[in-house]
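Data block below; observations after.
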Amino acid sequence: MQSYTIGQAARLLGVSPDTARRWADAGRVATHRDEGGRRLIDGRDLAAFSVEIAQGGGAGDEEEPYTSARNAFPGIVTAVKLGDVAAQVEIQAGPHRLVSLLTREAVEELGLEVGMQATARVKSTSVHIDRT
């Protein structure tokens, strides 16, 4: 069975390695050590834990907005390009770069600026931006 390091598990769960380490320290997910002393999580345990989080077991302390779009990519705004009517917003969410085209009015209402946290939500071929 495949095992994952804390860093690999964190990437798969969409959290920081520190958060994954705290969850392991608290016993929320079981770990064992390899020959080199690294903490590993068995693939089956990680899969079960990821389902628990997805079903409301709490990935974090912040309250998520109510939305029907389930594919969420929390990240940081890296670029905002405003046109007269349309705008382009880029978000870096871990290793993923997401680009959304939306109205200038929507960007202004959300107050989106480079450096702020935001969540890109993908539904079908559209990307929706939620301010976090």
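Here the structure is a predicted model, which is why all the values come from computation and not from measurement.
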- Taking the side chain as C-beta and beyond, is there a heavy-atom pair between T78 and V114 under 4.5 Å? no
- Roughly how far, to the nearest 0.5 Å, is CD of E90 from CG of L98? 10.0 Å
- Would you find a donor on one side and an acceptor on the other, under 3.5 Å apart, between the side chain of D34 and the backbone of G36? yes
- Note on the structure: Minimal heavy-atom distance between A10 and A20, with the atoms involved, is CB-CB, 3.9 Å
- Once you round to the nearest 0.5 Å, how far does CD of Q88 lie from CZ of R104? 14.0 Å
- For the residue pair A118 and V77, what are the closest heavy atoms and their distance? CB-CG2, 3.8 Å
- Task: Would you mind reporting whether S3 and H32 have side-chain heavy atoms less than 4.5 Å apart?
- Result: yes
- Presence of salt bridge, D45 and R28, under 4.0 angstrom: no
- Message: Does any part of the side chain of F73, heavy atoms only, come nearer than 4.5 Å to the side chain of V122, both counted from C-beta?
- Response: yes
- Query: L46 and V15: same hydrophobic cluster, using ILVMFWY side-chain contacts below 4.5 Å?
  - Reply: yes
- To the nearest 0.5 Å, what is the distance between CD (Q2) and CG (L40)? 10.5 Å
- Please answer: with hydrophobic residues joined when any side-chain heavy atoms are less than 4.5 Å apart, are L82 and L110 in the same cluster? yes
- Please determine if D18 and R21 form a salt bridge, counting it only when a charged side-chain N lies under 4.0 Å from a carboxylate O. yes
- What distance separates I91 CD1 from T119 OG1, expressed to the nearest 0.5 Å? 7.0 Å
- Does F49 share a hydrophobic cluster with I6, counting links as ILVMFWY side-chain heavy atoms below 4.5 Å and allowing steps through other members? yes
- Taking only Lys NZ, Arg NE, NH1 and NH2, and the carboxylate oxygens of Asp or Glu, determine whether D130 and R121 approach each other closer than 4.0 Å. yes
- Do K81 and V107 come within less than 4.5 Å of each other through their side chains, counting heavy atoms only? no
- Message: In the structure I gave you, are the side-chain heavy atoms of L12 and Y4 within less than 4.5 Å of one another anywhere?
- Response: yes
- Taking atom CG of L102 and atom CD1 of I129, what is their separation to the nearest 0.5 Å? 6.5 Å
- Heavy atoms of other groups near E108 CD, more than 12 under 6.0 Å: yes
- Item | Step-by-step side chain to side chain contact (heavy atoms under 4.5 Å, CB included) determination, E109 to T103 | CA-CA 10 Å; E109 282 180 13; T103 65; over 6 Å; no
- Does any non-hydrogen side-chain atom of Q117 lie less than 4.5 Å from one of I76? no
- Connected via hydrophobic side-chain network under 4.5 Å: M116 and V99: no
